[in-house]
Amino acid sequence: MLKRWFLDDDGMVRPPAAYGTIALAVLLLGLFAYRAWTKGEHPTTGTWICMDCAKLADVTPKIGGDLPAKCPHCDKVSLVPAYACSKCKTPQVLNEYRGLKPPTKCTKCGAEVWYGR
């Protein structure tokens with residue numbers, strides 16, 4: 001029965017069957033490659049700091065979530081991402097979250113802390 005779908009009366013492969021099989025194979029390989037390349041693009045847990053109670057929390061950000069977020073310790077809406085100082089690794093709240101102009105200076109060593117650096 002399957003031979004009638006793929007072969008004509010002369011025993012030659014029908015063009016639509018051949019092209020359809022190739023297109024399906026390319027589609028499946030493309031889907032596999034896409035899933036392999038986007039495997040690690042989900043939000044990861046990071047350190048956030050509360051600007052009211054100054055406690056750290058490990059938070060996984062939600063897509064479309066509000067900033068600042070609700071603190072799990074004091075239940076106030078004052079939880080923002082903490083960025084580690086590049087020199088001493090002390091967590092810092094960027095001046096942008098405080099309504100101040102950048103750059104942010106580290107409270108421990110005085111180095112500049114920038115988003116993404």
Side-chain angles (χ1 to χ4, degrees):
M1 176 168 171
L2 289 177
K3 283 187 177 183
R4 281 189 274 156
W5 289 355
F6 293 104
L7 302 177
D8 60 10
D9 294 336
D10 298 331
M12 303 295 292
V13 177
R14 294 183 182 193
Y19 296 136
T21 304
I22 291 170
L24 182 62
V26 168
L27 182 70
L28 289 176
L29 285 174
L31 179 65
F32 175 74
Y34 173 77
R35 289 189 152 227
W37 282 327
T38 60
K39 187 175 183 179
E41 292 186 6
H42 302 290
T44 57
T45 301
T47 303
W48 290 41
I49 190 168
C50 179
M51 293 194 306
D52 284 333
C53 68
K55 292 190 178 181
L56 298 175
D58 290 331
V59 176
T60 303
K62 295 177 182 150
I63 296 174
D66 293 330
L67 280 178
K70 188 175 182 179
C71 177
H73 302 289
C74 67
D75 288 332
K76 293 182 181 176
V77 181
S78 59
L79 194 67
V80 294
Y83 296 92
C85 173
S86 60
K87 290 186 179 179
C88 66
K89 305 300 183 211
T90 304
Q92 303 291 320
V93 176
L94 295 181
N95 281 347
E96 289 87 340
Y97 293 121
R98 296 180 184 164
L100 303 172
K101 290 184 179 180
T104 303
K105 299 281 186 173
C106 177
T107 56
K108 188 173 182 181
C109 70
E112 290 186 0
V113 179
W114 290 87
Y115 173 77
R117 292 188 203 168

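Since this is a predicted model, take the numbers as computed values, not measurements.
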Show which side-chain atoms of residues 68-78 pair as donor or acceptor with protein atoms under 3.5 Å away, not counting sequence neighbours.
residue	atom	partner	partner atom	Å
His73	NE2	Leu56	O	3.4
Ser78	OG	Asp52	OD2	3.2

- [ ] Could you tell me which non-hydrogen atom of Cys50 sits nearest to which non-hydrogen atom of Leu79, and how far apart they are?
- [x] N-CD1, 3.6 Å

Task: Linked hydrophobic residues, Leu29 as query - side chain contacts closer than 4.5 Å - done: none

Let me check something: any side-chain donor-acceptor pairs from residues 101-110 under 3.5 Å, sequence neighbours excluded? List them with distances.
residue	atom	partner	partner atom	Å
Thr104	OG1	Asn95	N	2.7
Thr107	OG1	Gln92	NE2	3.4

Task: Residues clustered with Val26, ILVMFWY side-chain links under 4.5 angstrom - done: Ile22

